[in-house]
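Structure record follows, encoded as structure tokens.
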Amino acid sequence: MFQINKLNLMLTKQYDISRVAQKYIEELKSSNLIIHGDRIYSLDDLLNKETKFFIDQYEVKIRAEEVIEQENFFRIDIELRDIKSSYKYILSSYISSIKDTYSSTECYYEFPINSKDIIK
């Protein structure tokens with residue numbers, strides 16, 4: 001039972017810490033900004049340097065690097081460390097800093113389905 005409880009606690013921590021990392025990646029993808037308290041970090045603030053701050057029981061380190069092969073394309077590395085247990089979680093993702101200028105209705109296109117395309 002002790003081992004099961006220990007495993008359950010570890011998996012719960014891993015899930016919680018991954019949710020926090022994913023939240024920051026999604027913020028950067030949607031707006032190129034991270035808002036932490038009264039501080040706003042832009043993609044330029046994170047570029048080619050490590051930015052560190054604390055949220056709840058986590059130490060957060062974020063770094064952005066421009067991908068040389070493609071203009072306006074960035075690799076984002078987020079490292080979270082649980083201060084109490086020293087458990088680390090690292091998440092990397094690629095984002096584009098170019099945002100669409102179209103509204104959601106302008107970029108939505110519905111493809112017609114022909115009766116011959118339907119599998120019976």
Side-chain angles (χ1 to χ4, degrees):
M1 285 302 271
F2 178 74
Q3 291 295 347
I4 291 172
N5 285 337
K6 187 176 177 181
L7 179 63
N8 185 37
L9 181 61
M10 183 190 71
L11 291 173
T12 301
K13 284 184 183 202
Q14 183 178 9
Y15 174 74
D16 289 342
I17 205 167
S18 69
R19 276 191 17 242
V20 173
Q22 189 64 39
K23 172 188 169 266
Y24 287 124
I25 290 288
E26 293 303 322
E27 281 184 23
L28 281 170
K29 284 182 178 179
S30 66
S31 65
N32 290 336
L33 298 172
I34 287 182
I35 300 171
H36 173 69
D38 59 349
R39 179 74 201 257
I40 298 174
Y41 299 96
S42 70
L43 193 54
D44 290 335
D45 294 333
L46 304 171
L47 198 56
N48 298 321
K49 64 181 173 191
E50 188 175 87
T51 301
K52 183 166 87 169
F53 56 87
F54 294 88
I55 180 168
D56 297 330
Q57 74 267 19
Y58 302 121
E59 174 187 49
V60 181
K61 295 178 186 176
I62 302 176
R63 182 179 177 85
E65 293 179 354
E66 191 166 14
V67 177
I68 296 172
E69 296 84 27
Q70 286 209 300
E71 193 173 319
N72 298 317
F73 203 66
F74 299 89
R75 177 188 164 134
I76 307 297
D77 295 316
I78 297 180
E79 179 184 314
L80 275 87
R81 184 177 64 86
D82 186 313
I83 298 167
K84 295 176 185 173
S85 67
S86 295
Y87 180 79
K88 283 186 182 180
Y89 184 86
I90 299 171
L91 180 65
S92 295
S93 185
Y94 292 91
I95 67 168
S96 171
S97 67
I98 300 173
K99 297 297 170 203
D100 293 331
T101 56
Y102 302 107
S103 71
S104 60
T105 57
E106 291 173 324
C107 53
Y108 174 76
Y109 179 75
E110 186 173 321
F111 292 97
I113 298 176
N114 299 322
S115 60
K116 66 178 181 166
D117 296 329
I118 300 175
I119 299 174
K120 294 182 182 181

Shared hydrophobic cluster for Ile35 and Leu43 (ILVMFWY, side-chain gaps under 4.5 Å):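 No; Leu43 is not reachable from Ile35 via cluster members.
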Connected via hydrophobic side-chain network under 4.5 Å: Val60 and Ile83: no
Criterion side-chain contact (heavy atoms from CB on, under 4.5 Å) on Val67 and Tyr94, from CA distance to verdict: CA-CA 9 Å; Val67 177; Tyr94 292 91; 3.8 Å; yes
Would you say [X]'s side chain and [Y]'s backbone share a donor-acceptor pair under 3.5 angstrom?
| X | Y | answer |
| --- | --- | --- |
| Asp56 | Tyr58 | no |
| Asp45 | Ser42 | yes |
| Glu50 | Lys61 | no |
| Ser31 | Leu28 | no |

Trace of the side-chain contact (heavy atoms from CB on, under 4.5 Å) decision for Val20 with Ile78: CA-CA 10 Å; Val20 173; Ile78 297 180; over 6 Å; no
Sub-6.0 Å ring centroid separation between Tyr24 and Phe53: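 Yes, they do, as the ring centres are separated by less than 6.0 Å.
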Minimum heavy-atom separation for [X] and [Y], please, with both atom names.
| X | Y | answer |
| --- | --- | --- |
| Glu27 | Ile34 | OE1-CA, 3.3 Å |
| Leu91 | Gln22 | CD2-OE1, 3.6 Å |
| Ile90 | Glu79 | CG1-CG, 3.9 Å |

Side-chain heavy atoms of Leu80 within contact of Glu59, under 4.5 Å: no
Side-chain heavy atoms of Tyr87 within contact of Ile17, under 4.5 Å: yes
Nearest 0.5 Å, what's the [atom1]-[atom2] distance between [X] and [Y]?
| X | Y | atom1 | atom2 | answer |
| --- | --- | --- | --- | --- |
| Lys29 | Ser96 | NZ | OG | 11.5 Å |
| Ile95 | Ile25 | CD1 | CD1 | 7.0 Å |
| Leu7 | Thr12 | CG | OG1 | 9.0 Å |
| Phe74 | Arg63 | CZ | CZ | 13.0 Å |

Test log, rule side-chain contact (heavy atoms from CB on, under 4.5 Å), inputs Leu46 and Ile76: CA-CA 9 Å; Leu46 304 171; Ile76 307 297; 5.7 Å; no
Within 6.0 Å of NZ in Lys23, more than 12 heavy atoms from elsewhere: yes
